[in-house]
2 protein chains.
Amino acid sequence: MRLKEGNKEKDIIEASITVFAEHGYHKAKISKIAEVANVAIGSVYVYYKNKEDLLYKIFDNLWEKLYLEYKKLSENTYLSPAEKLDSMIDIFFDIFTENPSLAIVFVNEQNHLMLNGQFQFTEFYAKFLTQAELVVQEGVDKNIFADNVDIDIFRFFVFGAIRNLLQQWALDQKNFPLNKLRQNVKYLTKKGILK
Amino acid sequence: MRLKEGNKEKDIIEASITVFAEHGYHKAKISKIAEVANVAIGSVYVYYKNKEDLLYKIFDNLWEKLYLEYKKLSENTYLSPAEKLDSMIDIFFDIFTENPSLAIVFVNEQNHLMLNGQFQFTEFYAKFLTQAELVVQEGVDKNIFADNVDIDIFRFFVFGAIRNLLQQWALDQKNFPLNKLRQNVKYLTKKGILK
DNA sequence: CTCATTTGTGAATGTTGATTCAAAAATAGT
DNA sequence: ACTATTTTTGAATCAACATTCACAAATGAG
């Protein structure tokens, strides 16, 4: 037997997030990822099937985390739907707080991955969306949320808005501080721009 | 002298929109674009410098059109800021109504282009953003729009929301009819989800 | 110390597809 | 019908880079 030195699998995926964020998936070179991970090129292929597998694993981890948090939240019976909506927004921002590179990869490469049929897109993404839907539906049922708004549209509306703001934050943390973003998103989502 | 046959320049850029939309920029092959445009591979390089130039020209045309429409709108003195906001949303949706492929390219490749410093990003994009800002600022000044919302954040918020919805529409026109999208976006942007 | 097994390596391979360019085709003027 | 000019062509070129694989290194068991 031989023990693994350190945790190359983790080093590699973390390096890939950094490199994908900096250059974009397509211009990112495996050789660069290996260099950043402090690992030989061949080692990348020991732990991952190929370049796309790296991207896939990044998103799979991300959606799993988000799904689990949303599930916990939507099953909570003490919070009102409006409070849950706020929490969902917080969770989303929180997960990227520690890792701007992950935010950039998330924003830029999500579509890319979805169009490529070679993976059935991570189950966790669908599960995540369902949890979000439950919360909004609960709000409509309890007569707190407007019922002339299509739930599906609302979901994509908020999701797209946050995604775009996250990207701005990742590109320019100074001018888009997360706390201000959160606060504004929560307000706009609930009350809109009209006085 | 020899006259040009038809309008290859236009045929090529239109073909490129179709092909970029179907396969994404990176997997789109010049040979496929030439085939769709009914043109030899070499002709693509007669009219465009390289592959990226095609993408750049697509966006340049798009942002110019949007900028000009927004300019006309923001200079209008008969409409209230709230009406202008509605019109801005309409203009955005309208421009893609005739061309779902353009919507897909717009949504998927915008970032890609912005990260690549080799073009200073089309002047029209910046101009477009400025016009949008003027309208929102007018609403705040006239005490119609909430003043606790950051204008810049609001802009990216709405922009991201629409972008994401457009993509859903482009991928699945049946379940996301444009009229319903417009209506919901206008409502949410102004009043939010709370009853 | 040896051997067997697992882990790690990176030069060499192979494919893919953007780009080039020398030649052909089309047209207009004379 | 001949020439000059412009437009079109696509096979050949070439570079980039993901992936492979034969080998080396490390470790623990006996």
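Quick note on labels: first sequence line is chain A, next is B, and so on, each numbered from 1. All values reported here derive from a predicted model rather than from experimental measurement.
- Counting to the nearest Å, the C1' atom of dT19(D) and the OH atom of Tyr48(A) are 17 Å from each other.
- As a whole-Å value, the separation of Leu54(B) CG from dG17(C) P is 17 Å.
- Put simply, CG on Asp11(B) is 16 Å from P on dT7(D), counting in whole angstrom units.
- Atom CG of Asn38(A) and atom C1' of dG10(C) are 15 Å apart (whole Å).
- Side-chain heavy atoms closer than 4.5 Å link hydrophobic residues (I, L, V, M, F, W, Y) into clusters, and following such links, possibly through other members, connects Ile162(B) to Leu129(B).
- Across the protein-nucleic acid pair, Ile33(A) atom CD1 and dT19(D) atom P stand 10 Å apart, rounded to whole Å.
- Checking dA18(C), dT8(D), dC17(D) against the side-chain heavy atoms of Lys29(A) singles out dC17(D) as nearest.
- Taking the six-membered ring for Trp and thresholds of 30 and 60 degrees, Tyr125(A) and Phe159(A) have ring planes inclined between 30 and 60 degrees apart.
- Rounded to a whole Å, the CD atom of Glu35(A) is 19 Å from the P atom of dG8(C).
- The side chain of Tyr47(B) places an N or O atom within less than 4.0 Å of a non-bridging phosphate oxygen (OP1 or OP2) of dT8(D).
- Residue whose closest nucleotide on DNA chain D sits further toward the 5' end, between Ile30(A) and Gly42(A): Ile30(A).
- Summarising the geometry, the separation between NE2 on His26(B) and C1' on dA18(C) is reported as 13 Å, rounded to the nearest angstrom.
- Paired with Asp150(B) under the rule side-chain contact (heavy atoms from CB on, under 4.5 Å), one option of Asn184(A), Leu181(A), Asn175(A) passes, and it is Asn184(A).
- Separation of the His26(A) and His112(A) ring centroids falls under the 6.0 Å cut-off.
- If you check every strand for non-hydrogen atoms under 4.0 Å, Val44(B) touches nothing.
- Counting only heavy atoms from C-beta on, Val39(A) has its side chain closest to dT9(C) among dT9(D), dT9(C), dT19(D).
- The phosphate of dT9(D) has OP1 or OP2 within less than 4.0 Å of a side-chain N or O from Ser43(B).
- The side chain of Ile41(A) has dT19(D) as its nearest neighbour among dT19(D), dT9(C), dG10(D).
- Across the protein-nucleic acid pair, Tyr45(A) atom OH and dA18(D) atom C1' stand 4 Å apart, rounded to whole Å.
- Remark: the Lys195(A) side chain and the Asn143(B) side chain contain an N/O donor-acceptor pair separated by less than 3.5 Å.
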